Each structure stands twice: as structure tokens, then as C-alpha cells.
Amino acid sequence: MEIEKILTAKIADSFNELFNEKVLESSIKLEKTNKDHIGDYTFVVFPFLRISKQKPEETANAIGNYIKSNCEFISNFNFVKGFLNIELSDNFWLTFLKNNYNNSDFGKNQVGKGKTVMVEYSSPNTNKPLHLGHLRNILLGYSISEILKFSGYKVVSANLINDRGIHICKSMHAWATGNGETPESSQLKGDHLVGKYYVEFDKTYRKEIEELKKKGIEDDEAKKIAPSIVKAQQMLVKWEKNDPETIALWKKMNEWVYSGFEQTYKRLGVSFDKYYYESNTYLLGKDTITEGLQQGVFIKENDGSVWIDLTYEGLDRKLVLRADGTSVYITQDIGTAQLKYHDTKMDKSIYVVGNEQDYHFKVLKLILQKLKKPYADGIYHLSYGMVDLPSGKMKSREGTVVDADELMDEMHNTAAKLTGQLGKTDGFSNTELNNLYETIAMGALKYYLLKVEPVKRMLFNPEESIDFHGNTGPFIQYTFARISSVLKNLNSTYTVDVSAPLHQTEKELLRSLSLFTHKTKAAAQTYNPSLIANYMYEIAKNFNRLYHDLSILGEQVQALKENRLAICILSANVIKKGMQLLGIKVPERM
RNA sequence: GGUCCGCUAGCUCAGUUGGAUAGAGCAACAGAUUUCUAAUCUGUGGGUCAGGGGUUCGAAUCCCUUGCGGAUCACCA
């Protein structure tokens with residue numbers, strides 16, 4: 001923010017004037033004043049005592065005096081030991097308010113100006129419906145996309161669908177041995193129907209393994225020769241040979257899954273600019289391997305397999321092509337990275353993928369760097385921790401996986417119940433009520449998953465997630481509704497009077513609001529939506545304190561009232577925009 | 001075994017590039033509403049920032065080390 005630059009410049013001047021020594025502005029650091037002290041910014045003088053050759057108190061006092069008489073924005077200063085607390089004038093804060101309360105671009109930053117970024121997220125398998133873990137991925141991916149857009153990037157979102165391989169053949173085989181039910185005949189969402197057959201496959205398969213073991217066959221062997229898995233593998237071979245019947249079944253079941261996913265995406269409010277399918281990309285990358293062999297980046301073994309040696313980088317030797325010439329996972333990703341660059345020419349490429357693939361992405365980036373690909377340095381793995389339940393890890397085998405669609409329904413019902421109890425929705429139509437419940441439910445769920453820093457493993461506590469008090473989405477939504485309620489009957493035009501006095505709670509709220517640009521910038525630079533989420537909470541809390549302490553519409557002094565209304569408008573704008581960056585809607589009434 | 005990540009109040013989490021007496025929410029207890037929405041606000045209690053060492057005016061934050069939890073190191077994806 002500009003004021004910080006002004007202050008650091010003044011402080012640098014003061015060293016020159018008072019102690020006759022030049023100090024780099026970049027070495028002067030300002031921080032927020034601790035709440036137990038009076039002031040807005042604090043300058044710590046300890047590192048500069050060598051220059052002043054005075055005691056901390058004397059140094060702070062001298063600098064304070066100098067900058068106060070040389071900067072109109074500073075109304076006062078105080079110091080405790082080496083901490084120089086600088087107090088900005090009410091006029092400064094009101095000028096800030098005046099300049100920004102009606103500025104719809106407030107909070108934007110320029111870190112991505114002129115650059116393009118691709119954000120890959122969701123990236124599901126087509127054999128089962130989405131669960132809680134996918135939700136964290138999708139919400140993170142969507143939110144970081146919004147944050148990057150707000151930071152000046154051109155954002156291209158991408159979904160790389162894993163639509164081929166043994167997992168989908170398992171569902172296909174199980175379905176083929178069933179009675180031919182469809183989403184229509186079963187009234188099941190397509191992804192759930194396919195998921196049902198995936199589970200069914202697994203049941204049969206395990207039963208077969210048990211039976212084989214009873215006959216004295218070893219576990220490893222049983223897993224290989226069980227009839228189901230053999231059939232599924234045969235199906236995969238047929239698929240790879242383009243067998244028309246198999247392809248038709250594969251297409252049919254995948255379509256079911258896609259229409260199911262689309263419903264879930266729509267409900268979550270996300271969509272993608274590009275879809276990539278592994279069935280189209282799984283053969284890519286081999287050319288790049290040949291290229292790398294010529295460059296000497298890869299090594300070919302006698303059996304024909306191709307490797308890269310990353311031991312110098314502290315990693316291992318990694319296979320990039322099998323002896324029979326077929327691809328492995330990383331080969332595909334090398335090819336897909338090339339394809340993405342061909343399509344989008346992006347400066348940065350973000351992969352929202354769980355932290356179990358940290359190693360994989362480290363290797364991928366390293367390989368592409370060694371191949372001197374222009375897009376290699378722009379690769380960033382937005383890694384996130386697993387979502388645990390109070391009972392421990394989610395395990396599909398034990399049926400403890402939290403289904404995304406069911407979870408959203410439960411949240412919706414809870415929102416409806418609680419909203420009904422509060423009885424503030426007179427005059428709402430049924431449609432409006434349903435929209436409101438959905439807004440609150442999604443707000444609660446999204447906020448709950450986004451407020452935790454991505455790198456951290458997190459706990460999903462069902463009871464806590466439907467609590468709408470405290471640090472929650474609905475709390476912030478409620479704050480917005482309160483502001484809307486104050487602003488709804490405004491008709492007169494009004495202005496900000498920059499010479500009026502400010503109440504302490506107003507000043508504190510303004511100070512928080514002034515940080516919005518900082519926060520969006522930091523969130524974009526560190527790919528971290530939780531910074532925005534926690535900031536939203538800070539704003540809401542500060543506003544609620546003001547709302548409680550001061551009357552807005554009842555304020556008798558016209559200038560104070562108008563200033564306060566402008567604060568409401570700015571608060572509402574920041575909340576609405578910030579929540580939008582998280583993919584959360586805010587209601588005017590709730 | 002190698003590598004990576006995490007560890008902050010009973011529980012869930014914040015804590016900008018190192019700064020003053022480490023903060024919120026939930027839970028517990030005590031209060032506040034003739035008023036612009038009480039899904040709110042105020043207060044009380046609650047801590048060896050996993051342990052130890054180092055760097056320095058100053059460390060939850062940086063470095064080393066130990067412990068605990070998790071992940072990963074496949075001719076799987």
C-alpha cells in the first residue's frame with residue numbers, strides 16, 4: 001500500500017537528516033502495531049542503533065519527531081523501548097474510504113498482469129462418484145482460479161479425466177454381468193450407478209480370492225488368477241485393441257458418469273474451460289522421451305527400458321519408458337504438459353493434486369527442466385493434505401467415505417432447519433427459500449474446507465461443519481445480510497467528509513479493510529485461499545463489533561452518519577468480493 | 001532405510017518478510033437486546049508453540065538434532 005512507501009521514505013530521510021547516514025528503504029520494515037498499543041504502524045529501531053549511536057528510546061523519539069513534522073498523515077507517535085508506534089490521522093483513513101468505497105476494483109492486484117496460467121483441478125476417475133476429498137480439491141482449484149483472475153492473470157481451467165484403465169474396466173465387467181440397469185431405470189445419478197458396480201466388482205473379486213485361498217493358493221497368486229480380475233484385464237486388452245463392443249460399453253458408462261459429475265460441478269458452481277481425457281493422452285510423451293535420449297537426459301538400458309537418474313538431485317532413478325516401449329504414468333504427464341503448452345502457451349501451470357503425489361510432481365518438473373522445456377519453471381504443484389474424519393482416514397473398503405452429493409444434501413437440510421427455527425424469512429417464496437438454504441449450506445461447506453491452509457491435513461467433523469456460529473461461512477454471510485439490511489432503504493446521495501472524527505471501532509475496521517489488496521496479492525503469490533477465508537472472518541468480526549457499538553442509521557450528526565454508511569458499503573463490497581474469491585455467495589437477507 | 005510434509009489451549013484452527021504480554025472459534029461459566037437482523041456482541045478461565053541445542057538486541061517463525069503422525073521412494077495410476 002502506498003502509505004507504507006511514504007512512511008518508509010520518510011524514515012529513510014530521517015536517518016539521513018538526523019544521523020547523516022543513508023539507509024536503504026528496502027531495509028526499513030514496517031509492521032502492524034500490536035493491538036495493545038496505540039498506533040497503526042510500528043517501526044522497530046533496534047537494528048539501526050549502530051547508526052544512531054543512541055539508546056533505543058532516544059532513537060525512536062528523534063525519528064518520530066522528524067517524520068511527524070514531515071508527513072501530514074501522521075497525527076501522533078509514541079514509543080516503548082525500541083518500538084516506534086506511528087498513528088495515522090483520521091483524515092488519512094477517511095481519504096482512503098472516500099477513494100475506495102465506491103470502487104468496484106478495490107482489492108485487485110497486478111501480480112499476474114499480462115500472464116496466462118492454467119489451473120488443472122478435480123481430475124476424477126470415472127469409476128466412482130465424488131467424495132469429500134474431491135471436494136477439497138475442487139474448491140481449492142476453483143478458488144485459486146478466481147484469486148488469480150483477480151490478480152490480473154488470464155486463467156484457463158482444465159480437468160484431466162482419468163477415463164481409461166483397469167479401474168473402469170472393473171465397473172464395466174461388473175455391469176456387463178448384471179441386468180442392464182441404466183440411470184433412468186434405476187433412478188440413480190450416473191456416477192453413483194457406475195460406482196455401485198465398481199463396489200460390486202470388488203465384492204465379487206474378494207470373495208473369489210477367499211475361495212481360492214481356501215483351496216491352498218497363495219494370496220498373491222489368488223489376486224492374479226481370480227476370474228473377475230482376469231475378465232477385467234481381458235476387457236482392457238480389448239479396449240486397447242479398439243474392440244467395437246467394448247468401446248461402446250466404455251463410452252456409454254463414461255457418459256453416465258460425466259452427466260453425474262456435471263450435476264455435482266454445477267451445484268458447486270464450478271466449470272472448466274478445457275477437458276483433457278487420458279484415453280487421448282495416455283500415448284503421449286514417447287516422442288519427448290526419444291528427444292531426451294538424443295539430448296542425453298535419459299539413459300537406455302540393455303533391455304530397452306528408459307530411465308532418468310535423479311540421484312544427484314537427491315531423488316532416485318526413475319523409469320520413463322518400459323522395456324516393451326509402453327508408457328508409464330510419468331510419460332503421460334510429460335506428454336500432457338507438452339500438449340497443454342501447445343494449446344495454451346501459459347506462463348504458469350498449476351496442478352491441484354493431493355500431497356501423496358508430491359514426489360511425482362517434483363520428478364515431473366525436474367525432468368522437464370532438464371529437457372529445457374520453456375514451461376518447466378512455471379509448473380507448480382498445489383499440494384493439499386488429506387481430509388480425515390473423526391473416526392480416522394476415509395476408507396472405501398470400510399464404507400467410511402463421505403459422498404459429496406449426500407453431504408451437500410445434508411448441509412442443505414440443516415440450513416433449512418436452522419433457518420426455519422430463526423424465523424426471519426417472512427415473505428420468501430419457496431424458490432427463494434430453497435436458494436437461501438442452498439447458499440447457506442454451500443457457504444458453510446466451502447468455507448469449512450477452504451479456511452484451512454492447503455498444505456495441512458485436515459479434520460472434517462460433521463457436527464462442527466454444520467455449526468453456523470463463530471468462524472464459519474454463514475457467520476460471514478450473516479454479516480453481509482446485516483449490512484444489506486442497513487443499506488436497503490438508502491435513497492439520498494451522500495459523500496464522505498474527510499474532516500470528520502472517527503470512532504475507534506470505525507478506524508479498526510477501516511484498517512482491516514485497507515489490507516484487502518495485500519491479502520489478495522499474498523493469496524495469489526502463495527496459492528493459498530485460506531488467507532482470504534481468514535481475512536473474511538476478520539472483516540466480519542470487526543464489522544459486527546462496530547454494528548453492536550455504534551448506531552448507523554440512528555446517528556444524529558449527518559456527516560458521521562454518511563461516513564458510517566460509506567464504511568458499510570466498503571465492508572459489503574469487500575465481503576462480497578472476498579467470498580466470491582472463495583466461490584461463496586452472500587445473501588441480502590437470511 | 002532415503003526423501004518430503006505436518007506438530008500452537010481439552011477439540012478445530014489463525015499467527016505477513018524473525019519483534020512488544022502467542023490469538024480466534026467450539027466446549028465451560030458470567031453478562032448484554034423497548035434499537036439498523038441475538039446465525040450477534042462483551043467478559044472469565046484455559047499454553048513448556050512436540051523435546052533439546054544453535055544463530056541474535058530479539059525465535060512459534062531461520063539452522064541442526066530427537067520424538068510423534070502422515071505420505072512417498074513400483075516396468076501401478
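Remember, predicted model here, so these are calculated numbers, not experimental data. Each chain gets a letter, A, B and so on, in the order the sequences are listed, and its residues count up from 1.
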Novice: Once you round it to whole Å, what is the distance between P of B/C36 and CD of A/E555?
Specialist: 16 Å

Novice: By the 4.0 Å heavy-atom rule, please label A/F475 as base, sugar-phosphate, or nothing.
Specialist: sugar-phosphate

Novice: Quick one: on RNA chain B, does A/A323 or A/I440 contact a more 5' nucleotide (nearest heavy atom)?
Specialist: A/I440

Novice: Using OP1 and OP2 only, check whether a side-chain N or O of A/R317 sits under 4.0 Å from B/A74.
Specialist: no

Novice: Any base atoms under 4.0 Å from A/L30, or only sugar-phosphate, or nothing? Heavy atoms, all strands.
Specialist: base

Novice: Calculate, to the nearest 0.5 Å, the distance between atoms CG and CH2 belonging to A/L321 and A/W307 respectively.
Specialist: 11.5 Å

Novice: Describe the nucleic acid contact of A/V452 in one word from base, sugar-phosphate, nothing, applying a heavy-atom distance below 4.0 Å.
Specialist: sugar-phosphate

Novice: Base, sugar-phosphate, or nothing: which does A/E453 touch, judged by heavy atoms less than 4.0 Å apart?
Specialist: sugar-phosphate

Novice: Is it the case that the base of B/A74 and the side chain of A/D316 share a donor-acceptor contact (distance under 3.5 Å, atom types as modelled)?
Specialist: no

Novice: Within the 4.0 Å heavy-atom criterion, would you say A/E278 contacts the bases, only the backbone, or no part of the nucleic acid?
Specialist: sugar-phosphate

Novice: Taking OP1 and OP2 of B/A71, is either one under 4.0 Å from a side-chain nitrogen or oxygen of A/K393?
Specialist: yes

Novice: Check the geometry between A/H37 and B/A20 and answer yes if their rings are stacked (centres below 5.5 Å, planes below 30°), otherwise no.
Specialist: yes

Novice: Less than 4.0 angstrom between a side-chain N/O of A/R457 and OP1 or OP2 of B/C13, yes or no?
Specialist: no

Novice: For A/F83 and B/A20, say yes or no: do the ring centres fall under 5.5 Å of each other while the ring planes differ by less than 30°?
Specialist: yes

Novice: Hey, which sits more toward the 5' end of RNA chain B by its nearest nucleotide, A/H360 or A/P454?
Specialist: A/P454

Novice: Decide yes or no, distance alone: a donor-acceptor N/O pair under 3.5 angstrom between the base of B/A14 and the side-chain of A/S530.
Specialist: no

Novice: Under 4.0 Å from OP1 or OP2 of B/A38: is there any side-chain N or O of A/R482 that close?
Specialist: yes

Novice: Once you apply a heavy-atom cut-off of 4.0 Å, does A/T419 come out as touching a base, just sugar-phosphate, or nothing?
Specialist: base

Novice: Report which part of the nucleic acid A/N85 touches: base, sugar-phosphate, or nothing (heavy-atom distance under 4.0 Å, all strands).
Specialist: base

Novice: Taking NZ in A/K507 as the centre, count heavy atoms belonging to other residues, nucleotides or ligands within less than 6.0 Å. Is the count above 12?
Specialist: yes

Novice: If you apply the rule side chain to side chain donor-acceptor pair (under 3.5 Å), what do you find for A/N471 with A/Y447, and how did you get there?
Specialist: CA-CA 9 Å; A/N471 188 1; A/Y447 188 86; 2.6 Å; yes

Novice: Hey, does A/Y547 reach any base, or is it just sugar-phosphate, or nothing, if we go heavy atoms under 4.0 Å?
Specialist: base

Novice: Under 4.0 Å: is that the gap between some side-chain N or O of A/K456 and OP1 or OP2 of B/C7?
Specialist: yes

Novice: What nucleic acid atoms does A/M458 come within less than 4.0 Å of, heavy atoms only: base, sugar-phosphate, or nothing?
Specialist: sugar-phosphate

Novice: In plain terms, say whether A/R564 and A/E506 are close enough for a salt bridge, that is, a side-chain N and a carboxylate O under 4.0 Å apart.
Specialist: yes

Novice: Mind checking A/V80 for me? I need base, sugar-phosphate or nothing, with any heavy atom below 4.0 Å counting as a touch.
Specialist: base

Novice: Whole angstroms only, please: what is the CG-C1' distance between A/L449 and B/U12?
Specialist: 13 Å

Novice: Considering every strand and a 4.0 Å limit on heavy-atom distances, what is the contact class for A/T326: base, sugar-phosphate, or nothing?
Specialist: nothing

Novice: Examine A/Y198 together with A/H167 and report whether their ring centres are nearer than 6.0 Å.
Specialist: no

Novice: Side-chain N or O of A/R545 versus OP1/OP2 of B/U42: is the shortest distance under 4.0 Å?
Specialist: yes

Novice: Counting any heavy atom closer than 4.0 Å, what does A/K35 reach on the DNA or RNA strands: base, sugar-phosphate only, or nothing?
Specialist: sugar-phosphate

Novice: Heavy-atom count check: over 12 atoms from other residues, nucleotides or ligands less than 6.0 Å from A/K451 NZ?
Specialist: yes

